[in-house]
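Structure, as structure tokens:
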Amino acid sequence: MQFDFGPSCAGLRGSFSKSRSCRSVHRIGKRLVIRGASEGRGTGVENEEESSSDHEEGDATISVIPRRNKSPIASEGRGTGVENEEESSSDYEEGDATISVIPRRNKSPIASEGRGTGVENEEESSSDYEEGDATISVIPRRNKSPIAAAEDVDVSNGTVAPATSSSAIPAAKKRQRRTRIPDKPYLRIMPWNLWTILKNYIGKELTEIPIPFNFCEPLSMLQRLVEDYEYSEILDKAAMASDSCEQLAYVAAFTVSSYATTSNRTAKPFNPLLGETYELDRTDDLGWKCISEQVSHHPPVVAQHCESKNWICHQEFSMTSSFKGKYLQVKPLGMTHLTFLSSGNRYTWKKVTTNVNNIILGKLWVDHHGDMEIVNHKTGEKCVLQFIPSEPFSPSKQRKVTGAVMNAKRELVWVLNGTWDNKMEASKVAEKRSQVKGKQVLETEAPVVVWQRRWPPLEAEKYYNFSEFACQLNELEEGVAPTDSRLRPDQRLMEEGLPVPQYEPIWFKKEMDTSMYPIDDSVYHLYKGKYWECKEKQNWSVCPDIF
């Protein structure tokens, strides 16, 4: 029997649970069936009759029997990532059949010590996926996957460049860039003052809300969008993948990585001016360059183009946003397009919804939720990622992301599991056998880390929780366009910790109405003269350059 996810995978839902081995569970389906564990060791089964389980669907009953251990190394419980195979074996149902997913025992003496997997505890990475009326439980085995683990990427704190890059050039030619910005000044705004501002804007667009200066960070929205490429080395690895489904697994990990910085950055970037641009040329170390422009103000739209020698990525970003009373909700619009030059594979996806919570009281925190569908328009393959809404009082259900890569026939090829603030793992479906003693069986490779976050140092709290890459975005460079975001004086003053000077009106002065019949004691901007005299002389020397 062939398992079919269906044409849309629109019903992808996610939830997490834990077995007593503390492994996380992702759902792509109707229900999860995991059989109880015996007390046996070595094989995880003392009595096959006790460990075998039956599932009844329609007119068919299908049993699941864990495989006996044949490895002298695995027999001690090492190298499997599962102490008891009965705990790890699981089933999913589709139509009139149940398919069991059983981890393959390790036969490698090297992998048995836990090396080469990119995972410290394999039991924690096992997971389930739910799609329509089918549930798939995935249990990993040790790493034999052609997909590369994250060991070949430098994930030390503050390090921006990957350890290896197909686009990099010798270090001697790389530009020395800064690693931090000045500490932010201490600014305080009382919650009730913020409420005074926001209470009249419930249900309205975020662009209409005057957000206090205290809630901003010294970056433009154009610069913030370029942070999507902080982990561009993932795309370089994807470009070298010979298998398109493996490439799609990398692309999925890249899309998740763009959300990592929002876990501890809740400040709002500066709104770009119409016609404002931003360029970032990192061909000397990261192998790509990017140009962005604010092409519309109402509604705000950013056009962006990024290219390397291996891939080209472009997007048109816009959003709708509203204040819901307790949180701000942002729904991104537009689509991202990614093309790999060697294979011609072209992928598209849309970003998921973002909520900024505890606007009035408490500590601000950001969450992302919704489904993301990544499609390869050349091959018809696709990946469905689900960003599961966080549950604040359930640590095991926070910032979770699950997903599945399917080929053009909608057969499961890769399984993805992780969190959008830390790392993503991928497990390849290793084997599909039509019948084993009347049972349908799937086996998966052990998960490998396809993305690992580079956490900023602890002192980054002093400068807006910027990563090293973010600190370099507003660094001054010669030869940029006069419309570049780096040249904004308000943004530059904020980065340097200096107060933004208040505008002094040229033709008006704020004072009380001292006329013969004042209405009240209010202060008004009153005309102080001289405008028409300056016009007659065409002497505009007192006017600031605002364009």
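The model shown is predicted, which means the values in this text are computed figures rather than measured ones.
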Sub-3.5 Å donor-acceptor pair from the side chain of [X] to the main-chain atoms of [Y], do we have one?
X	Y	result
Gln304	Cys306	no
Arg453	Ala260	yes
Gln472	Arg178	yes
Arg486	Glu279	yes
Arg454	Glu230	yes
Asp281	Thr283	yes
Arg282	Cys290	no
Thr262	Arg265	no
Asn376	Gly380	no
Tyr278	Leu473	yes

Hey, is [atom1] on [X] packed in by over 12 heavy atoms from elsewhere, all under 6.0 Å?
X	atom1	answer
His297	NE2	no
Leu458	CG	no
Lys378	NZ	yes

Within a strict 4.5 Å, meaning less than it, do heavy atoms of the [X] and [Y] side chains meet?
X	Y	value
Val330	Thr353	no
Trp455	Asn422	yes
Trp288	Leu280	yes
Trp311	Leu338	yes
Thr379	Asn345	yes
Glu316	Val301	yes
Phe317	Pro332	yes
Val405	Leu416	yes

**Item:** Residues Val401, Ile388; criterion side-chain contact (heavy atoms from CB on, under 4.5 Å); working and verdict
**Value:** CA-CA 6 Å; Val401 181; Ile388 301 170; over 6 Å; no
[X]: which residues meet the side chain to side chain contact (heavy atoms under 4.5 Å, CB included) condition with it, sequence neighbours left out?
X	value
Ala241	Glu246, Gln247
Glu391	Ser394, Lys397
Ala481	Thr277, Thr483

Side-chain donor-acceptor pair under 3.5 Å between [X] and [Y], yes or no?
X	Y	answer
Asn355	Trp365	no
Ser390	Asp367	yes
Asn310	Ser308	no
Glu381	Ser244	yes
Glu411	Asn407	yes
Trp451	Ser257	no
His368	Thr354	yes

**Message:** Checking salt bridge (Lys or Arg N to Asp or Glu O under 4.0 Å) between Arg180 and each of Glu468, Glu459, Glu475, which is the one that passes?
**Reply:**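 Among Glu468, Glu459, Glu475, the one that satisfies the salt bridge (Lys or Arg N to Asp or Glu O under 4.0 Å) with Arg180 is Glu459.
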**Request:** Given salt bridge (Lys or Arg N to Asp or Glu O under 4.0 Å), test Asp243 with Lys428 step by step and report yes or no.
**Result:** CA-CA 12 Å; Asp243 178 71; Lys428 186 176 182 181; 5.6 Å; no
**Request:** Decide yes or no on side chain to side chain donor-acceptor pair (under 3.5 Å) for Gln223 and Gln491, but give the supporting numbers first.
**Result:** CA-CA 12 Å; Gln223 295 166 310; Gln491 191 171 294; 2.8 Å; yes
**Prompt:** So Met406 and Val413, side-chain contact (heavy atoms from CB on, under 4.5 Å) or not? Walk me through it.
**Reply:** CA-CA 5 Å; Met406 292 160 284; Val413 182; 5.8 Å; no
**Request:** For the pair Phe387 and Tyr259, evaluate ring pair (Phe, Tyr, Trp, His ring centres under 6.0 Å) and give the outcome as yes or no after the intermediate values.
**Result:** CA-CA 11 Å; Phe387 290 70; Tyr259 294 95; 5.2 Å; yes
Taking every non-hydrogen atom, the tightest pair across [X] and [Y]:
X	Y	value
Glu227	Phe469	CA-CE2, 3.9 Å
Thr261	Ser258	CG2-O, 4.5 Å
Arg224	Ala267	NH1-O, 3.6 Å
Ser485	Asn474	O-OD1, 4.1 Å
Leu412	Trp414	CD1-O, 3.5 Å
Cys471	Thr179	SG-O, 4.0 Å

**Message:** Whether Lys237 engages the ring of Tyr250 as a cation-pi pair (distance to the six-membered ring centre under 6.0 angstrom, angle to the ring normal within 45°) should be assessed.
**Reply:**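 Verdict for Tyr250: no cation-pi partner in Lys237.
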**Message:** Checking Trp349 against Thr255 for the side chain to side chain donor-acceptor pair (under 3.5 Å) test, could you report, in this order, the C-alpha distance in whole Å, the side-chain angles of both residues, the deciding distance, and whether it holds?
**Reply:** CA-CA 9 Å; Trp349 65 89; Thr255 64; 5.4 Å; no
**Prompt:** Checking side-chain contact (heavy atoms from CB on, under 4.5 Å) for the pair Glu477/Arg175: CA distance, chi angles, key distance, verdict?
**Reply:** CA-CA 11 Å; Glu477 293 188 9; Arg175 170 184 170 178; 3.1 Å; yes
**CA sep, side-chain torsions, deciding dist, call: Leu333, Thr320, side-chain contact (heavy atoms from CB on, under 4.5 Å)** = CA-CA 7 Å; Leu333 304 175; Thr320 60; 3.7 Å; yes
**Item:** Asp421 side, atom CG; Gln398 side, atom CD - distance, nearest 0.5 Å
**Value:**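 The CG atom of Asp421 sits 9.0 Å away from the CD atom of Gln398.
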**Request:** Any chance you could measure Lys423, atom NZ, to Thr419, atom OG1, to the nearest 0.5 Å?
**Result:**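 OG1 of Thr419 is found 8.0 Å from NZ of Lys423.
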**Asked** Is it true that Arg177 and Asp284 make a salt bridge, defined as a side-chain N closer than 4.0 Å to a carboxylate O?
**Response**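 Judged by the 4.0 Å cut-off on N to carboxylate O distance, Arg177 and Asp284 do form a salt bridge.
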**Message:** One thing to verify: whether Glu495 and Arg488 come together as a salt bridge, which I'm taking to mean a side-chain N less than 4.0 angstrom from a carboxylate O.
**Reply:**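 Salt bridge between Arg488 and Glu495, a charged N being under 4.0 Å from a carboxylate O: no.
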**Request:** Check step by step if side chain to side chain donor-acceptor pair (under 3.5 Å) holds for Glu461 and Asn264.
**Result:** CA-CA 9 Å; Glu461 293 182 357; Asn264 56 350; over 6 Å; no
**Asked** Any idea how His314 and His337 line up, ring-wise: parallel (<30°), tilted (30 to 60°), or perpendicular (>60°)?
**Response**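 Parallel.
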